[in-house]
Amino acid sequence: MTFTWSAATIAVLLPLTAACSRTASRSETPGLDRSCLLVVAAPAAGDPDISKLQEDLRERRAAPRAAEQLGYRFVARARVSHDPDSYAVAEQAAACLESMQPNDPAALLLRGHVLHQMHRFSEA
C-alpha cells in the first residue's frame, strides 16, 4: 500500500505542524519554520537518503543543504511515481530553505524547478 499526499492531507497537516511547533516539539525542532516541519514529517517511504536528510533538517545539521536536497529528492520521487503530492512537499522544501536563507539563489532555483514540473509556468 502506498501513501500519497493529497491536498486535503496537506491542509490538515499544516495546522497540526503549527500546533506542534507551539508545544513539546518546539524543543525538538527549535526555530524550524512550518514549511520545514511539513518536510520533516513527510513519509520517507523507505528511502534512507530522505530519512537521513529529514533527520539532518530536524537536528539542524547543515539544515539549508538538507532542505535543498530534500526538495530535489521529492521532485525525483514525483517524477518516478507520478505523484503530484511529492511536488507539494518539494515546494515546501523550497519555502523551508527560503525561511532559513531569504532570497537564496538555491531556494529560488528549487522553487522554480518545482513550479515548472507542476506546469505552473507563470509562477516559475
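Remember, predicted model here, so these are calculated numbers, not experimental data.
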Nearest atoms (heavy-atom pairs only) where P48 meets G46: CD-O, 3.1 Å
Counting C-beta onward and ignoring hydrogens, is there a side-chain heavy-atom pair between V75 and V114 closer than 4.5 Å? yes
Search all heavy atoms of C96 against all heavy atoms of A67 and return the closest pair with its distance. SG-CB, 3.9 Å
Walk me through it: do R77 and I50 pass the test side chain to side chain contact (heavy atoms under 4.5 Å, CB included)? CA-CA 10 Å; R77 177 188 287 176; I50 288 178; 3.2 Å; yes
Point-to-point distance, once rounded to the nearest 0.5 Å, from CZ of R65 to CG of L97: 12.0 Å
Given side chain to side chain contact (heavy atoms under 4.5 Å, CB included), test C36 with V39 step by step and report yes or no. CA-CA 5 Å; C36 297; V39 174; 5.7 Å; no
Stepwise, does the side chain to side chain contact (heavy atoms under 4.5 Å, CB included) test hold for E55 with R61? CA-CA 8 Å; E55 180 182 328; R61 291 187 301 256; 3.0 Å; yes
To the nearest 0.5 Å, how far apart are CE in M118 and OG in S86? 10.5 Å
D49 with R73: basic N within carboxylate O range, under 4.0 Å: yes
Is R111 salt-bridged to E123, going by a charged N under 4.0 Å from an acidic O? no
Nearest 0.5 angstrom please: L57 CG to L32 CG, how far? 5.5 Å
First locate atom CG of L70, then atom CD of Q92, and finally report the distance between them rounded to the nearest 0.5 Å. 12.5 Å
Do the rings of Y72 and H113 sit parallel, tilted or perpendicular, given the 30° and 60° boundaries? tilted
Side chain proximity check, M100 to D33, heavy atoms < 4.5 angstrom: no
Verdict with supporting geometry, E91 and L110, side chain to side chain contact (heavy atoms under 4.5 Å, CB included): CA-CA 8 Å; E91 188 175 13; L110 176 57; over 6 Å; no
To the nearest 0.5 Å, what is the distance between CZ (R58) and OG (S51)? 8.5 Å
With rounding to the nearest 0.5 Å, note down the distance linking NE2 in H119 to OH in Y87. 7.5 Å
Closest approach of A42 to Q54 (non-hydrogen atoms, all atoms of both residues): O-NE2, 2.7 Å
